[in-house]
2 protein chains.
Amino acid sequence: MENEINNRDFSKIPKVVIKRLFKYHSALEKLIIDGISNVSSSELSDDVNVKASQLRKDLAYCGEFGTRGKGYEVSYLHDKLSEILGLQMEWNYILAGLGRLGRALVNYKGLVSRGFKIKAIFDISAEKIGQPYHDIMVYHIDEMQSVIQDMDIRIGLITVPADAAQSVCDKMVEAKISAILNFAPVLLKTKDKVFIERVDISREMVTLSHYLSHHECQEKD
Amino acid sequence: MENEINNRDFSKIPKVVIKRLFKYHSALEKLIIDGISNVSSSELSDDVNVKASQLRKDLAYCGEFGTRGKGYEVSYLHDKLSEILGLQMEWNYILAGLGRLGRALVNYKGLVSRGFKIKAIFDISAEKIGQPYHDIMVYHIDEMQSVIQDMDIRIGLITVPADAAQSVCDKMVEAKISAILNFAPVLLKTKDKVFIERVDISREMVTLSHYLSHHECQEKD
DNA sequence: GAATGTGAACGTTTTCACAGCA
DNA sequence: TGCTGTGAAAACGTTCACATTC
């Protein structure tokens, strides 16, 4: 697959940069809503709390989108970032584990608005299976491969308990899913080349407890 | 506040390292359950998918916990990491926004087991206010300051919609909260020195769409 | 002998500073 | 003149390799 503009290989962009590109993308969305059509690197970078030079370096991974002396055209830059981030297309996904977190994700508007579309839900609880949840059919986890067979599904979310996560991951890989967002607090291992991103709420919480333990207290009364 | 062992200042440990320390901590917990009392840097680092040299460097931020030629004593290292990560004490927190995500968090065992304890919930919906949720009282957001006045609360979680997040953040800061975990998809700004960590599910999802857009397809049938 | 702890080498990311262009 | 795009420098993080200690 070739994805280059001006010799730039988007697959080589570091993950930190991708995350910032998404911030710029979100900030640009806001500017569009506000009817602002032009923005400079320092204005945009202020909106997302980064240095202007960093914004420009980040964009340099992707191409040249601005006009010297003038800045960037908001909607043009937004479209370009959409392209690089893969947000110009629809992404179908499935979810395994219709617990509280799973339900929260199915209902999360932020995914819908970015073109992520849920196609099927999997669980093991007899009461849930067969009952559509918000119009999405719920199947037994063992049916994953056959159910998603002819759908164009490349993304799977795992919101099952930790002890079930690895087996669910294996089933997703078997079903030819190529990217997984894992919310279970375990490290998943796969033989096949699968892109796995982990979201660990305890880990984020621990950054708070570390901070509070070792930085000056605000005040003591 | 002084938090040092052998001249090491725990407040200077980079965030990436903190996150890995928590991984080691979790892996050690598993070893304890399995009854393993001694571990080498290479064994432990294999468990969490990092290089042995990195594990040792990471620990070097904190002190010297091993024995040359022998390795680390599992429970000793676990305790030391607990101390550095602030996990040896109980942390009270409050939550603003009892939506689906809020409910998922209140019920998340991973926080309880790490000593995080929810003390109050805040919302604006008349039906929710006054009805305890899982034994936690639900108050109107405007009551935050008075409600948590005499509780020892330093952490606040924000799970309200994006447009309400900044005002909730302001109220938390007013109520003397010093660390915030923000799940709303907006950048929060504060005048006071507050530690804010953001959890953004769309952002993680976009790393998947970027990956799928620009790396070789697994196969084409 | 075995495995830690750590300086030095290496690689990556951020910041600086300014050349180049509208 | 103003702001982008980019080399060069600085800061930061990771890996190597080995002296040190048990």
Side-chain angles (χ1 to χ4, degrees), chain A residues 4-24 27-28 31 36-74 76-78 80-81 84 207, chain B residues 4-24 27-28 31 36-74 76-78 80-81 84 207:
Chain A
E4 307 184 12
I5 298 177
N6 303 328
N7 317 319
R8 266 120 179 154
D9 180 353
F10 298 153
S11 70
K12 300 237 175 69
I13 304 174
K15 234 193 251 181
V16 255
V17 175
I18 294 296
K19 292 185 180 188
R20 282 197 300 268
L21 291 179
F22 181 58
K23 286 190 188 181
Y24 308 147
L28 288 164
L31 293 178
I36 293 162
S37 63
N38 232 270
V39 73
S40 71
S41 63
S42 57
E43 287 163 344
L44 185 56
S45 65
D46 279 353
D47 289 350
V48 298
N49 270 8
V50 308
K51 293 250 159 72
S53 57
Q54 179 159 64
L55 166 72
R56 294 200 301 272
K57 250 292 190 289
D58 287 346
L59 293 181
Y61 278 102
C62 314
E64 305 189 7
F65 305 124
T67 314
R68 285 160 204 237
K70 198 142 175 286
Y72 303 92
E73 217 244 293
V74 171
Y76 177 74
L77 183 56
H78 177 264
K80 283 298 164 193
L81 290 182
I84 292 149
T207 64
Chain B
E4 306 184 13
I5 299 178
N6 304 329
N7 318 320
R8 267 118 177 154
D9 181 353
F10 299 154
S11 70
K12 299 238 175 68
I13 305 174
K15 235 192 253 183
V16 255
V17 174
I18 295 296
K19 293 185 179 186
R20 283 197 301 268
L21 291 179
F22 180 58
K23 286 189 187 180
Y24 309 147
L28 288 165
L31 293 179
I36 293 161
S37 63
N38 231 271
V39 71
S40 70
S41 63
S42 58
E43 287 162 345
L44 185 57
S45 65
D46 279 353
D47 289 350
V48 297
N49 270 8
V50 307
K51 294 250 158 71
S53 56
Q54 179 158 66
L55 164 60
R56 294 201 301 273
K57 250 293 192 283
D58 288 346
L59 293 181
Y61 279 101
C62 314
E64 305 190 7
F65 305 124
T67 314
R68 284 159 205 239
K70 199 143 175 286
Y72 303 91
E73 217 244 292
V74 172
Y76 177 74
L77 183 57
H78 177 264
K80 283 298 165 195
L81 290 181
I84 292 148
T207 63

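Protein chains get the first letters and strands the later ones, always in sequence-line order, with residue 1 at the start of each.
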| message | From CD of A:Gln54 over to C1' of D:dG7, roughly how many Å is that when rounded to an integer? | response | 17 Å

| said: Measuring from atom CD of B:Glu64 to atom NZ of B:Lys80, what distance do you get when rounded to the nearest 0.5 angstrom? | reply: 13.0 Å

| query | What is the distance, rounded to the nearest whole Å, between atom NZ of A:Lys19 and atom P of C:dT14? | reply | 13 Å

| message | Does any part of the side chain of B:Ile13, heavy atoms only, come nearer than 4.5 Å to the side chain of B:Ile84, both counted from C-beta? | response | yes

| task | Could you check how far NZ of A:Lys15 sits from P of C:dT13, rounded to whole Å? | result | 12 Å

| Closest non-hydrogen atom pair, B:Val48 against B:Ala27 | CG1-CB, 3.7 Å

| request: Please report, rounded to the nearest Å, how far the P atom of C:dA3 is from the CG atom of B:Leu44. | output: 14 Å

| request: Could you pull out the closest heavy-atom pair between A:Val74 and A:Leu31, with the gap in Å? | output: CG1-CB, 4.0 Å

| message | Using whole Å, what does the distance between atom C1' of nucleotide C:dT13 and atom CG of A:Leu55 come to? | response | 15 Å

| B:Gly71 and B:Asn38: which non-hydrogen atoms are nearest, and at how many Å? | C-OD1, 4.2 Å

| query | Which residue pairs pass the side chain to side chain donor-acceptor pair (under 3.5 Å) test with at least one member in residues 48-62 of chain B, sequence neighbours excluded? | reply | B:Arg20-B:Asp58, B:Tyr24-B:Asp58, B:Ser41-B:Arg56

Just the table, please: protein N/O against nucleotides 4-6 of chain C N/O, every pair under 3.5 Å.
unit_1 : atom_1 : unit_2  : atom_2 : d
C:dT4  : OP1    : B:Ser41 : N      : 2.4
C:dT4  : OP1    : B:Ser41 : OG     : 3.4
C:dT4  : OP2    : B:Ser41 : OG     : 2.5
C:dT4  : O2     : B:Arg68 : NH1    : 3.3
C:dG5  : OP1    : B:Phe65 : N      : 3.2
C:dG5  : OP1    : B:Gly66 : N      : 3.0
C:dG5  : OP2    : B:Tyr72 : OH     : 2.9
C:dG5  : O4'    : B:Arg68 : NH2    : 3.0
C:dG5  : O3'    : B:Glu64 : OE2    : 3.4
C:dG5  : N7     : B:Arg56 : NE     : 2.7
C:dG5  : O6     : B:Arg56 : NH2    : 2.8
C:dT6  : OP1    : B:Glu64 : OE2    : 3.2
C:dT6  : OP2    : B:Arg8  : NH2    : 3.4

| message | Do A:Val39 and A:Asp47 make a side-chain contact, defined as non-hydrogen atoms from C-beta onward lying under 4.5 Å apart? | response | no

| task | Figure out the NZ/P separation between B:Lys51 and C:dC10, and round it to whole Å. | result | 16 Å

| message | Which heavy atom of B:Thr207 sits nearest to which heavy atom of A:Lys19, and what is that distance? | response | CG2-CE, 3.6 Å

| Length of the line joining A:Asn49:CG and C:dT15:C1', which is rounded to integer Å | 17 Å

| Please give, in whole Å, the distance from C:dT14 C1' to A:Ile13 CD1? | 17 Å

| message | Rounding to 10°, can you tell me the angle the first-five-pair axis of the helix from C:dG1-D:dC22 to C:dA22-D:dT1 makes with its last-five-pair axis? | response | 0°

| message | Using the rule given for side-chain contact (heavy atoms from CB on, under 4.5 Å), can you reason through A:Leu59 versus A:Leu77, listing the C-alpha separation, both sets of side-chain angles and the distance that settles it, and then say yes or no? | response | CA-CA 10 Å; A:Leu59 293 181; A:Leu77 183 56; 4.1 Å; yes

